[in-house]
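A note on names: the letters A, B, ... follow the listed sequences, proteins ahead of strands, and every chain is numbered from 1. Every value quoted in this text rests on a predicted model; they were computed, and no experiment measured them.
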4 protein chains.
Amino acid sequence: MPRKPNTDCRRAEIITALQAVIARQGYEKASIQAIAKEAGLAPGLIHYHFKNKQEILVLLVRKLADYGQQRFEQIAAQAGSPEARLHAYLEARLGLGEGAAPDAVAAWVMIGAEAVRQKEVRDIYQQAVAQELLLLTALLGECLIAQGSDAGKAAELAAGLLAMMAGAYQLSSSAGSVMPVGYAAHAAKTYARLYLDAVPTA
Amino acid sequence: MPRKPNTDCRRAEIITALQAVIARQGYEKASIQAIAKEAGLAPGLIHYHFKNKQEILVLLVRKLADYGQQRFEQIAAQAGSPEARLHAYLEARLGLGEGAAPDAVAAWVMIGAEAVRQKEVRDIYQQAVAQELLLLTALLGECLIAQGSDAGKAAELAAGLLAMMAGAYQLSSSAGSVMPVGYAAHAAKTYARLYLDAVPTA
Amino acid sequence: MPRKPNTDCRRAEIITALQAVIARQGYEKASIQAIAKEAGLAPGLIHYHFKNKQEILVLLVRKLADYGQQRFEQIAAQAGSPEARLHAYLEARLGLGEGAAPDAVAAWVMIGAEAVRQKEVRDIYQQAVAQELLLLTALLGECLIAQGSDAGKAAELAAGLLAMMAGAYQLSSSAGSVMPVGYAAHAAKTYARLYLDAVPTA
Amino acid sequence: MPRKPNTDCRRAEIITALQAVIARQGYEKASIQAIAKEAGLAPGLIHYHFKNKQEILVLLVRKLADYGQQRFEQIAAQAGSPEARLHAYLEARLGLGEGAAPDAVAAWVMIGAEAVRQKEVRDIYQQAVAQELLLLTALLGECLIAQGSDAGKAAELAAGLLAMMAGAYQLSSSAGSVMPVGYAAHAAKTYARLYLDAVPTA
DNA sequence: CATGAATGAGCTTTCATTCAT
DNA sequence: GATGAATGAAAGCTCATTCAT
């Protein structure tokens, strides 16, 4: 009587545990022991399910990147004007950045640092950034078209907004107490609004 | 004939070496061996000049924070309109962020991640962020007053700009190749310009 | 099939190994390598079973103190006169001090030196000394009462005997060859006998 | 104009500094840096005056042993009865052991532990112990002869008294607070008095 | 699948000793 | 004589990884 395989769920548990530990400790200090403890598993089991620590990290990066992507798809699927979608997007990203899922945000910040030194992480991280940039550009492009403007300026604004988002994540994790409360979503919306308004209609 | 102390210069060398290594490897992977090699010194000498690794980090954080502060003071000392000073400031910060001193920028990004997990680093980091926020707020306040507006909105804009700057640093270090070239300084100036223009004159 | 834990026995082995090494080398020179070698284990395993070296020491001190306590209880449980118990006690302590368990004696001497500089060791050591003093005082008190004297003088004699015992341990470990053979148990018994006889009966 | 050599006084300063540090820290933890700091000298100077750390230790052991010897000679030089000399001796040794020169006593205790593991130290330590034993035996022999008894029993009593003294030193350094105040000199005198009285006159 | 003991490399840190000045 | 920088070998400790059970 073979056991029912539970590999998939164990793997997910372990990845989630790494997310929690990495958010507190960073990747280097996220020891296998600590991950196992967080997941409530025996240390030896980690290497049964994963070849090595790096593999868990890679899958966590993918998971977090996909999570953002899914959120966008939900938003995109929503009915409503381009501008409504943009607001929903920024709210989803930056409302979250300020307390909603500090775990995921801090983990993402740590991964950003890890991306500086590990090519494998950097590749996935850059892919996620590029994708996000594309999505945001598309979203802004729709807004511009909806107001009868040329969509060409969307890329520039998207880059600025993405930087603002990345910075808001970083600062909320490391210096949240010295920043104004809840500034980020509002600042991003204002920036977008002013910028879009400034693009001349065709 | 007593030997002439050279501690100050050695300490500076070691701090600079840590900056270089931390920019490539992060703090955890910046081993004493690696720092010593970077500085061209024997490993044991590091601990002759510093109590421990943490002390070097703390001094590096201070040095980088002071560096930014000094740059601002140079700018502030320059003659010119508030707006000219603002532009000079953003150029100094973000021109730098895009290639001028990648070493310092990457080190600062790594330190931001370290700040998430180490209280001692976090405290200094937050102090630096708070200081930067004050400077930027003051700078923007002058701009608003110069155009006959109320300075009250300066803090909000300052927070948004600071986030954009932090994000630009982060992305330039970890995903520079997927971002548009030289977007950051321009995006920040545009954001500031549009925002300031939108504040009604008294 | 979970693996059966063997931590308790491994810990005991390691503590015993420390006792052997400390008896030869003292605590500072009892390196983890040396302890591991003595126990026939890999060095890394020591820190799997113990948080740090200090923890092993503390447990060794406790073990040795308890060992003395148990010996006393065996003696106290024996039938016989107070004086017989006293003789058995001194024989147990000082016969031991002169060859019976040189390992434990030398380790105890080294621990006494360590107690001078480490508060944590000192606390346990003092507790053991205080306990021994109480036991000896009680034992002597019974002797005095048995001969119809006041038990008040017991404390003074107990202190003197304890010092003689501690000194005999010290000298047997560091200068055994220059002391008369087997003097200690006899000297202690003589001291006790003369002292007790000198206390007036009520 | 040649400098006046101050080697002898420097060496004495360094030896005294080792005594102070060893009393607090033990020999292993008495680093050259710590000794130099205690003596108010530059670290490099230590090895100018001494071949190595061991040499300082050896000289300290000699110094402490000689110190005891000198004290005895002063006593021996005093006029008075053998018994008066014995009392003066015990007072000198054990009054000292209970607070008068805790520095020297603690250092001696540490050296006793070091003697267990270092042959070179052990040799000097044993020599000092043997010498002390001889002195004490002689002193007690005089007392016995003065009372018309045979001096043969002196050695046995001397050994017991020496152990009591060594133990009093050990306990005053490591567990002074749990022992009765000032017990040692009195206990030793009582022990000697009772023992001497019990030896039959010829 | 699961457990937890075991291994050994690598880290930070301490320190006796040497040596240029 | 004197200074203090410099060296390199060890120490304690952490940890990814392996493996017997």
With the side chain defined as heavy atoms from C-beta on, Asn6(C) is closest, among dA16(F), dT12(E), dA6(E), to dA6(E)

Below 4.0 angstrom, N of the basic side chain to O of the carboxylate: do Glu28(A) and Arg117(B) qualify? no

Asn52(C) CG to dC13(F) P, in whole Å, measures 5 Å

Please walk me through it: do Ile22(B) and Ile35(B) pass side-chain contact (heavy atoms from CB on, under 4.5 Å)? CA-CA 9 Å; Ile22(B) 221 175; Ile35(B) 299 168; over 6 Å; no

(Q) At 4.0 Å (heavy atoms only), tell me whether Ala30(B) reaches a base, stays on the sugar-phosphate, or touches nothing. (A) sugar-phosphate

Q. Got a donor-acceptor contact below 3.5 angstrom from the Lys53(B) side chain to the Ala30(B) backbone?
A. yes

Result for 5'-nearest mapping on DNA chain F, choosing between Pro43(D) and Ile46(B), is Pro43(D)

How about Thr16(D) and Lys63(D): do any of their side-chain heavy atoms sit closer than 4.5 Å? yes

Exercise. Between Lys4(B) and dT21(E), is there a side-chain N or O to OP1/OP2 distance below 4.0 Å?
Worked result: no

Leu57(A) and Glu120(A): side-chain contact (heavy atoms from CB on, under 4.5 Å), yes or no, with the steps? CA-CA 10 Å; Leu57(A) 176 62; Glu120(A) 191 175 7; over 6 Å; no

- Tell me whether the OP1 or OP2 atom of dG4(E) has a side-chain N or O from His49(C) closer than 4.0 Å. no

Atom CG of Leu41(C) and atom P of dG8(E) are separated, to the nearest Å, by 12 Å

Rounded to whole Å, the CZ-P distance (Phe50(A) to dT18(F)) equals 15 Å

Atom NZ of Lys53(C) and atom C1' of dT14(E) are separated, to the nearest Å, by 13 Å

Picking from dG4(E), dC15(F), dT3(F), the nucleotide nearest the side-chain atoms of Ala42(D) would be dT3(F)

**Prompt:** Going through the checks in order, is the side-chain contact (heavy atoms from CB on, under 4.5 Å) test met by Leu60(A) and Leu64(A)?
**Reply:** CA-CA 6 Å; Leu60(A) 172 60; Leu64(A) 288 173; 4.0 Å; yes

Here the distance between atom P of dG12(F) and atom CD1 of Ile35(C), to the nearest Å, is 7 Å

Side-chain atoms of Arg3(C) come closest, of dT3(F), dA5(E), dA2(F), to dA5(E)

Ranking Tyr27(A) and Gly40(D) by the position along DNA chain F of their nearest nucleotide, the one closer to 5' is Gly40(D)

Per atom distances to the Pro5(C) side chain, the nearest of dG4(E), dG12(F), dA5(F) is dG4(E)

Closest to the 5' end of DNA chain E, once Gln33(B) and Arg10(A) are matched to their nearest nucleotides, is Arg10(A)

message = Does dA6(F) have OP1 or OP2 under 4.0 Å away from a side-chain N or O of Tyr48(B)?
response = no

Separation of dC1(E) atom P from Asp8(A) atom CG, nearest Å, is 9 Å

Out of dA2(E), dA6(F), dA2(F), minimum distance to the side chain of Leu45(D) belongs to dA2(F)

Margin query: For a quick check of understanding: with a heavy-atom distance under 4.0 Å over all strands, which category does Ala36(A) fall into, base, sugar-phosphate or nothing?
Written below: nothing

Picking from dC15(E), dT17(E), dA5(E), the nucleotide nearest the side-chain atoms of Ser31(D) would be dC15(E)

Partner of Asp123(C) under side-chain hydrogen bond (donor to acceptor under 3.5 Å, both in side chains), picked from Lys119(C), Gln126(C), Gln127(C), is Lys119(C)

Atom CZ of Arg11(A) and atom C1' of dC1(E) are separated, to the nearest Å, by 15 Å

Output field dot_bracket for DNA chain E (Watson-Crick or G-U, both distances under 3.5 Å, | for other-strand pairs) contains .||||||||||||||||||||

Quick note, His47(A) side chain, CB onward, closest among dA2(E), dA11(F), dT18(F) is dT18(F)

Requested in this report: Tell me whether the OP1 or OP2 atom of dG4(E) has a side-chain N or O from Thr7(C) closer than 4.0 Å.
Outcome: no

Taken to the nearest whole Å, CD1/Ile14(A) to C1'/dC1(E) is 12 Å

Residues at least two apart in sequence or cross-chain that pass side-chain hydrogen bond (donor to acceptor under 3.5 Å, both in side chains) with Arg11(D), listed by chain then number, are none

Tested for ring pair (Phe, Tyr, Trp, His ring centres under 6.0 Å) against Trp108(B), the lone hit among Tyr125(B), Tyr27(B), Tyr169(B) is Tyr125(B)

